[in-house]
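Here, residue 1 is the first one in the sequence, and each next residue gets the next number.
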Amino acid sequence: MTSDAPSPEDPTPIIEARNVSQEYRLPRTKLISRRPTLDALIDIDFHAMEGEAVGLVGESGSGKSTLTRILVGEERPNAGVMNFHGKDVWDANRAGRIAFRRAVQVVLQNPRASLDPRMKVGASLVEPLRSLGVQVDHERRMYEVLDQVGMSKEAVHKYPHEFSGGQLQRIAIARALMPAPKVLLADEPVSALDVSIQAQVLNLLKDLVAELGLTLVLIAHDLSVVAYTTSRVAVMSAGRIVETGAPADLFTTPKAEATKLLVDAVLTVEGGLAGQALA
Ligand SMILES: Nc1ncnc2c1ncn2[C@@H]1O[C@H](COP(=O)(O)OP(=O)(O)OP(=O)(O)O)[C@@H](O)[C@H]1O
Ligand SMILES: [Mg+2]
């Protein structure tokens, strides 16, 4: 792969973790002992094609956020490779690294923690352009992305505390979109929000995939959240991907024990997104 702009028929995943393992060293439990280790990821194969919406689900501690940090290049895996357009990001030259950092952006769970409370929204939006050295008309780009996430221009003059959680998550998504990424990784983007507005934010993510041709990796512990938004879902348990499939198949014929537990969890939850999942 040499081109930065592959054709839509290109079978190379835009991002791909191959045979990835990640081990964390824990503090010593005794003065004279080897430091214990924790296998957070074990031989993970995960990929997303350009324009695809992929879900990643699993119980708490299964390794979802660890994999997210690897997919965005924040952590280097102990073993395996992390590819962007088929090339190892940890082996890339400076230009390749910059292209990757710009192309893959993240939205986190709590927008109040990811936006600086002392900075006006406008300044927060522009910040990724500055840090990545993206040469565009800042003001024009801000208004463009605010429109894409359904927020008005006036938002740029306000502070985070002036917005609701749902509005702030839209702003956090806008911030991630500022450098015109190809891939958006959203780690539990609705789990801190009121149930009544979760679907609105998920619909926004869906629309962005359809309208901008964005690749979406949606991470959640709730199978209904990813089923609603993505067309292929990987189920994680204890550091491994134990099953991958179409959301409807996972609901109707779950094979792995972890998938069955996630299906049960959805079916026993009252309200929320449960039941809408297969609509
Ligand atoms: N920096 C770290 N050092 C040591 N252990 C870590 C570190 N980061 C994660 N872990 C451990 O790795 C495992 C996977 O954690 P991770 O945060 O990736 O899970 P998760 O699926 O995102 O969970 P949650 O649904 O609660 O967000 C857990 O056992 C966690 O305690
Ligand atoms: Mg997590």
All heavy atoms of Leu208 vs all of Gln148, minimum pair found to be CD2-O, 4.1 Å

Salt-bridge contact Glu144-Arg141 (side-chain N to carboxylate O under 4.0 Å): yes

Determine yes or no for a side-chain-to-main-chain donor-acceptor pair under 3.5 angstrom, with Ser164 supplying the side chain and Gln167 the backbone. yes

Heavy atoms, side chains only, cut-off 4.5 Å: are Phe46 and Val20 in contact? no

Under a 3.5 Å threshold, yes or no: a donor from one side chain and an acceptor from the other, between Asp88 and Asn83? no

Are Val106 and Ile173 grouped together when hydrophobic residues (ILVMFWY) are joined by side-chain heavy atoms under 4.5 angstrom apart? no

Indicate yes or no for a side-chain donor-acceptor contact from Glu162 to the backbone of Tyr159 under 3.5 Å, with no hydrogens or angles considered. yes

Checking side-chain polar atoms at under 3.5 Å, does Glu243 have a donor or acceptor matched by the opposite partner on Thr259? yes

Residues two or more places apart in sequence or in another chain: which of them pass side chain to side chain donor-acceptor pair (under 3.5 Å) with Arg240? none

Going by the ring-ring contact (aromatic ring centres under 6.0 Å, His included) test, which pairs reach into residues 97-140, not counting sequence neighbours? Phe84-Phe100

Given side chains that start at C-beta, do those of Val107 and Leu185 come closer than 4.5 Å, heavy atoms only? no

Single-linkage hydrophobic cluster Leu212~Val183, side-chain heavy atoms < 4.5 angstrom: no

Distance-minimising heavy-atom pair for Trp90 and Gly73: CZ2-O, 3.4 Å

Check whether Val81 and Leu41 end up in the same hydrophobic cluster, where Ile, Leu, Val, Met, Phe, Trp and Tyr are linked by side-chain heavy atoms less than 4.5 Å apart. no

Rounded distance (nearest 0.5 Å) linking atom NE2 of His85 with atom CD of Glu50: 5.5 Å

Flag side-chain contact, heavy atom, 4.5 Å: Val104 against Ile15: yes

Under the ring-ring contact (aromatic ring centres under 6.0 Å, His included) test, which residues partner Phe163, sequence neighbours left out? none

Strictly distance-based, threshold 3.5 Å: is any side-chain N or O of Arg35 a donor or acceptor partner for the main-chain N or O of Leu26? yes

Please examine the side chains of Met236 and Leu67, heavy atoms only from C-beta on, and report whether any two atoms are closer than 4.5 Å. yes

Keeping the roles fixed (side chain from Glu16, backbone from Thr12), state whether a donor-acceptor pair exists under 3.5 Å. no

Closest approach of Ala258 and Ser237, non-hydrogen atoms and distance? CB-CB, 3.6 Å

Measuring from Asp147:CG to Lys153:NZ, what's the distance to the nearest 0.5 Å? 9.0 Å

Looking only at the side chains, is there a donor atom on one of Gln22 and Thr66 sitting less than 3.5 Å from an acceptor on the other? no

Give the C-alpha distance, both sets of side-chain angles, the deciding distance and a yes or no for side chain to side chain contact (heavy atoms under 4.5 Å, CB included) between Thr230 and Val54. CA-CA 5 Å; Thr230 66; Val54 191; 5.6 Å; no

Write down the atom of Ile44, the atom of Gly239, and the distance for their closest heavy-atom approach. CD1-O, 3.4 Å

To the nearest 0.5 Å, tell me how far Glu74 CD sits from Arg69 CZ. 6.5 Å

Just by distance, with hydrogens left out, do Ser124 and Asp116 show a side-chain donor and acceptor under 3.5 Å apart? no

Which value, rounded to the nearest 0.5 Å, describes the distance between Ser62 atom OG and Leu56 atom CG? 7.5 Å

Over all heavy atoms of both residues, which pair between Asp45 and Ile241 is shortest? Give the atoms and the distance, please. O-CD1, 3.4 Å

I want to check something: taking the side chain as every heavy atom from C-beta on, are Leu184 and Leu214 in contact at a cut-off of under 4.5 Å? yes

Pair Glu59-His221, side-chain donor/acceptor within less than 3.5 Å: no

For the side chain of Gln198 and the backbone of Ser191, is there at least one donor-acceptor N/O pair under 3.5 Å apart? no

Under 4.5 Å between any side-chain heavy atoms of Arg232 and Glu52, yes or no? yes

Evaluation steps, side chain to side chain donor-acceptor pair (under 3.5 Å), between Asp222 and Ser224: CA-CA 5 Å; Asp222 184 335; Ser224 64; 2.6 Å; yes

Main-chain N/O of Ala199 paired to Asn203 side chain as donor or acceptor, under 3.5 Å: yes

Ser21 side-chain N/O to Ala79 backbone N/O, donor-acceptor pair under 3.5 Å: no

Working to the nearest 0.5 angstrom, can you tell me the gap between Arg175 CZ and Leu129 CG? 10.0 Å

Taking the side chain as every heavy atom from C-beta outward, state whether Val235 and Leu262 have any atom pair closer than 4.5 Å. yes

Shared hydrophobic cluster for Val233 and Leu261 (ILVMFWY, side-chain gaps under 4.5 Å): no

Quick check against the 3.5 Å criterion: does Lys64 have a side-chain atom that pairs as donor or acceptor with the backbone of Gly58? yes

Could you grab the distance from atom CG of Leu202 to atom CG of Leu216, nearest 0.5 Å is fine? 9.5 Å

Within the side chain of Glu188, is there an N or O that forms a donor-acceptor pair under 3.5 Å with the backbone of Ser65? no

Say whether Tyr24 and Asp39, considering side chains only, have a donor N or O and an acceptor N or O under 3.5 Å apart. no

Verify, without hydrogens or angle tests, whether Arg170 (side chain) and Val149 (backbone) share a donor-acceptor contact under 3.5 angstrom. yes

Between Ile171 and Met151, does the side chain to side chain contact (heavy atoms under 4.5 Å, CB included) criterion hold? Intermediate values first, please. CA-CA 8 Å; Ile171 292 168; Met151 295 291 293; 4.0 Å; yes

Which atom of Leu71 lies closest to which atom of Ala17, heavy atoms considered: CD2-CB, 4.1 Å

Between Met82 and Arg18, is any pair of side-chain heavy atoms under 4.5 Å apart? no

